[in-house]
Amino acid sequence: MKKFFTLIVILCCVLCVSHSFAQKSTNYVVLTTVSSSDPYYQAAQTLATYRGATIVHFSADSIADLIPTLTAMAPRYVAVVLKPIQLDINFVRRFLVMSTNLDADPFSDFSYGYITGATAQDALNFVNKIIYAEAHAVQNYPLNVGGYSASSLNFVYPGSGDYKKYLNPPVSNNIYMETNDSGIGHDFFVANTNYMLDNKLLDIGHNGDAHMLWLFADGNATTNPPPWIYDSTKIEDTAYARVGLTSFDIGALNLYPAVAFNGACHSGEPKRVMVESDIEATFGDTQGLIKFYTMSDTFSFCLSILKTGITGYFAPCGANNANDQGEEVYNAFLFNEPLGDVQKRSIDGVVMGCLGNRPNLKIFHEGGSIYDDDILSSGTFNPANWSGAASMLGGKANRIYYGDPMYNPYKYDHSDSLNITKTVIDSIKPTTFDVHLTYKKPDASVAYFPVWDKFHFSDTRIYAPVELPAFCGAITNFAVVVSSAPYHLVIHAVEQFDGKTILHIEVDIPNDMYAAINYDIRFRITYTPSGIAPIADPAFSMFEVFPNPAKGNAAVSFSLNHASDVSLNLYDITGRLVRNIFIGMQQRGTHTIDVSMDNTLMSGIYFIRLESETYQATKKWVLIR
């Protein structure tokens with residue numbers, strides 16, 4: 001009895017401490033399809049108490065009925081708690097479209113995440129892991145990165161060849177597994193699962209399905225023996241199983257505190273899988289027809305990984321392109337915001353893929369054709385005119401986030417070095433102003449960035465959300481003034497979100513997405529004044545330090561709106577001046593100044609201060625020796 005009493009005291013203390021760390025929101029809503037007497041309701045109640053949220057009940061069959069309620073409540077964050085059987089591709093698509101219909105613009109009007117589990121206890125455990133992670137300051141944990149992929153050889157690759165190198169992760173390991181029918185790739189993973197543990201980020205995938213990562217020879221449609229004709233009794237029969245890293249393998253691990261990003265098709269479908277040709281090796285050849293299959297809990301990769309202790313999961317509830325996963329990981333560090341907002345940016349990408357129109361998503365039915373476009377015409381967007389959008393844009397709409405939308409484990413892992421697209425508002429007049437966009441991307445051999453324009457021209461996509469100044473009312477015209485090189489397409493759309501007006505700009509250019517690119521383009525915006533007087537251009541409008549963190553030398557980049565005397569100084573964490581970096585006159589435009597660091601400068605936190613005659617700003621900079 002004494003031991004039991006001690007355990008109760010400890011649990012109560014943990015809950016009290018965790019709630020003291022909670023970031024509460026006055027406009028957080030928990031939506032749930034379960035009644036207050038259902039065991040799953042405890043997950044909804046626990047999260048609502050933790051975030052100070054309101055619980056709203058709704059029917060999974062009547063998602064659109066939420067529009068009046070949510071319009072009146074105007075939530076910033078929404079968590080959706082439901083049973084896994086309710087969360088299929090059609091629910092995901094209906095919910096996405098509903099989320100864009102609270103106001104006139106085509107963008108989602110709140111950030112959201114899903115909470116579920118194979119059992120009510122699994123759903124509650126998922127919520128409690130997130131609460132526990134926040135109570136133990138997960139944002140301060142080292143950014144250890146793990147992952148796995150199929151390959152032609154078995155090996156563990158340490159380090160990162162993409163943009164994550166600028167984040168300077170203390171540990172970064174990816175398990176590559178050989179694909180053949182002998183199973184040696186699977187065995188290699190089992191022998192090296194230690195690389196999956198104690199990570200803050202798991203980058204996993206990419207060729208797989210709702211049950212596993214494929215490790216069999218050849219490919220989904222060219223396997224030997226060939227895929228069998230669809231028969232629901234064969235799907236979970238081991239006699240028909242292919243070689244792969246399955247739900248049984250992943251479900252046996254403890255992956256806390258990682259957030260997992262999965263690029264394998266259908267890997268976010270928890271129970272009810274829409275079977276089509278992209279997963280026929282595991283689920284059977286449907287001969288061109290759509291079939292729905294309900295998996296057992298243990299066969300489901302999604303339900304298995306949700307019970308491993310992870311604190312978030314990004315994956316597709318249907319088909320997708322793995323590049324979408326890469327964009328989500330990139331956005332998690334580029335924008336420095338809660339994970340629900342990272343998911344919202346994926347929906348923003350769907351809107352821009354639809355040429356700035358509200359998405360119109362196909363709803364699937366048993367026996368329908370798998371060959372029809374899965375995204376439909378909307379406004380000026382017709383998928384028949386865009387082969388990439390017709391085949392892949394619906395996949396981006398299928399991607400969902402499992403977790404608390406306010407959860408922000410990467411709060412201190414942001415790096416200015418990832419920001420290769422910069423915008424400056426200048427040339428402000430009573431009814432016009434300019435947006436100057438500059439884009440500087442390194443060659444992929446230096447660092448790969450996920451910038452593929454897969455929906456329109458299959459080259460390079462430049463994207464920037466620009467917060468418009470308060471003096472700007474309605475935009476009446478948007479035009480390109482000048483560009484440094486040709487472009488295929490320019491898209492713009494305006495969003496009202498969280499009390500801000502955001503101008504979304506996309507420029508699709510013919511450059512090779514793997515090549516180094518220096519590009520700039522200037523837009524002129526004609527607007528009706530809001531009644532708030534424009535302020536004069538400040539001396540400078542962009543100020544970045546990169547790399548940050550750095551292991552040695554750095555560079556400071558800033559844009560001047562007019563010629564000005566400028567000084568750059570380096571200070572330590574106590575405020576002591578360490579050195580003068582630059583003092584002198586600089587002309588209007590963008591400037592980059594190298595900062596050489598000798599060996600006398602110790603590892604630690606520093607501050608770089610940029611000053612002009614009328615303005616000053618400071619950036620934190622971290623040096624790692």
Rounded at 0.5 Å granularity, tell me how far OG1 in Thr69 sits from CG in Leu31. 9.0 Å
Can you tell me if Asn220 uses its side chain to pair, donor with acceptor, with the backbone of Asp278 under 3.5 Å? yes
Say you draw a straight line from OG of Ser304 to CG of Leu253; how long is it, rounded to the nearest 0.5 Å? 10.5 Å
Would you kindly check if the NZ (Lys) or CZ (Arg) of Lys344 is within the cone defined by 45 degrees around the ring axis of Phe497 and under 6.0 Å from the six-membered ring centre? yes
For the residue pair Tyr112 and Phe95, is the inter-centroid distance of their aromatic rings smaller than 6.0 Å? yes
Can you confirm if the NZ or CZ of Arg51 lies within 45° of the ring axis of Tyr77 and under 6.0 Å from the centre of its six-membered ring? no
Hey, could you give me the CG/OG1 distance between Leu102 and Thr71, rounded to the nearest 0.5 Å? 4.0 Å
Do Asp209 and Thr282 pair up side chain to side chain, a donor and an acceptor below 3.5 Å, judged on atom types alone? yes
Under 3.5 Å side-chain donor-acceptor pair for Asn320 and Arg399: yes
Show your working on side-chain hydrogen bond (donor to acceptor under 3.5 Å, both in side chains) between Asn331 and Glu337 and close with a plain yes or no. CA-CA 9 Å; Asn331 287 340; Glu337 60 195 6; over 6 Å; no
Give a yes or no answer on whether the side chain of Thr286 reaches the backbone of Leu289 with a donor-acceptor pair at less than 3.5 Å. yes
Can a donor-acceptor pair be found, under 3.5 Å and without considering hydrogens, that links the side chain of Thr46 to the backbone of Gln42? yes
Between Ile279 and His266, which heavy-atom pair has the shortest distance, and what is it? CG2-CD2, 3.4 Å
Flag if over 12 foreign heavy atoms under 6.0 Å of OH, Tyr230: yes
Can you find a pair of side-chain heavy atoms, one from Leu96 and one from Pro359, that are under 4.5 Å apart? yes
Show your working on side-chain hydrogen bond (donor to acceptor under 3.5 Å, both in side chains) between Tyr50 and Glu134 and close with a plain yes or no. CA-CA 11 Å; Tyr50 180 65; Glu134 283 199 349; 2.4 Å; yes
Salt bridge (charged side-chain N to carboxylate O under 4.0 Å, His left out) against Lys454, all qualifying residues, sequence neighbours excluded: Asp324, Glu327
Does Arg345 reach the side chain of Asp348, with side-chain heavy atoms less than 4.5 Å apart? yes
Taking all heavy atoms of Ile400 and all of Cys317, pick out the closest pair and write down the distance. CD1-CB, 4.2 Å
Testing the basics here: between Ser267 and Tyr313, what is the closest heavy-atom pair and its distance to 0.1 Å? O-OH, 2.8 Å
Without hydrogens or angle criteria, can the side chains of Thr460 and Asp512 be said to hold a donor-acceptor pair below 3.5 Å? no
Give a yes-or-no answer on whether the side chains of Asn398 and Arg93 include a donor-acceptor pair shorter than 3.5 Å. yes
Can a salt bridge be assigned to the pair Lys362 and Asp372 using a cut-off of 4.0 Å between side-chain N and carboxylate O? yes
I'd like to know if the side chain of Thr311 and the backbone of Pro257 have a donor-acceptor N/O pair within less than 3.5 Å. yes
Can Ser111 and Asp341 be counted as having a side-chain donor-acceptor contact under 3.5 angstrom? yes
Does a side-chain heavy-atom distance below 4.5 Å link Leu87 with Tyr402? yes
NZ of Lys291 to CG of Asp285: how many Å apart, nearest 0.5 Å? 11.0 Å
Decide whether Thr294 and Arg272 meet the rule of one side-chain donor and one side-chain acceptor closer than 3.5 Å. no
For Trp214 versus Gly208, what's the shortest heavy-atom pair and its separation? CZ2-O, 3.5 Å
Which is it for Glu178 and Ser152 under the side-chain hydrogen bond (donor to acceptor under 3.5 Å, both in side chains) test, yes or no, and what are the steps along the way? CA-CA 5 Å; Glu178 184 173 333; Ser152 58; over 6 Å; no
Contact summary for Asp459 and Pro510, nearest pair of heavy atoms: OD2-CA, 3.6 Å
Can you name the residues that form a salt bridge (charged side-chain N to carboxylate O under 4.0 Å, His left out) with Asp109, not counting sequence neighbours? none
Aromatic contact between Phe248 and His211, with the criterion being ring centroids under 6.0 Å apart: yes or no? yes
Between Ser35 and Asp38, is any side-chain donor less than 3.5 angstrom from a side-chain acceptor? no
Spacing of CG belonging to Leu215 relative to CG belonging to Asp181, to within rounding of 0.5 Å: 10.0 Å
Do the rings of Trp386 and His456 sit parallel, tilted or perpendicular, given the 30° and 60° boundaries? perpendicular
Heavy-atom closest pair, residues Ala260 and Ile204: CB-CD1, 4.3 Å
Is it true that a side-chain atom of Thr32 and a backbone atom of Val81 form a donor plus acceptor pair closer than 3.5 Å? yes
What do you reckon, are the aromatic ring centroids of Tyr163 and Tyr448 less than 6.0 Å apart? no
Does a donor on one side chain and an acceptor on the other come within less than 3.5 Å for Tyr487 and Asp508? no
With a sphere of 6.0 Å drawn around NZ of Lys234, does it hold more than 12 non-hydrogen atoms of other residues, nucleotides or ligands? yes
How long is the straight-line distance from CG of Asn254 back to NZ of Lys307, given to the nearest 0.5 Å? 13.0 Å
Does any N or O in the side chain of Glu269 come within less than 3.5 Å of the main-chain N or O of Met274, such that one atom is a donor and the other an acceptor? yes
Ion pair Asp105/Arg358, N-O distance below 4.0 Å: no
May I ask you to check whether over 12 heavy atoms, not counting those of Tyr240, lie within 6.0 Å of atom OH? no
Can any side-chain N or O of Glu495 pair as donor or acceptor with the backbone N or O of Thr501 at less than 3.5 Å? no
Taking the six-membered ring for Trp, are His504 and Phe107 closer than 6.0 Å centroid to centroid? yes
Can you confirm if the aromatic rings of Phe449 and Tyr330 lie within a centre distance of less than 6.0 Å? yes
Just by distance, no angles: are the side chains of Tyr28 and Asp404 close enough, under 3.5 Å, to form a donor-acceptor pair? yes
So is Lys129 actually on top of Tyr256's ring, under 6.0 Å and inside 45° of the axis? yes
Would you say the side chains of Glu328 and Tyr401 form a donor-acceptor pair under 3.5 Å? no
Are Tyr148 and Phe189 close enough that their ring centres sit under 6.0 Å apart? yes
Ring-ring centroid check His492 Phe478, cutoff 6.0 Å: yes
Using 4.0 Å as the upper bound for N to carboxylate O, is an ion pair formed by Arg76 and Asp498? yes
Where the side chain of Tyr463 meets the backbone of Thr421, is there a donor-acceptor pair that is under 3.5 Å apart? no
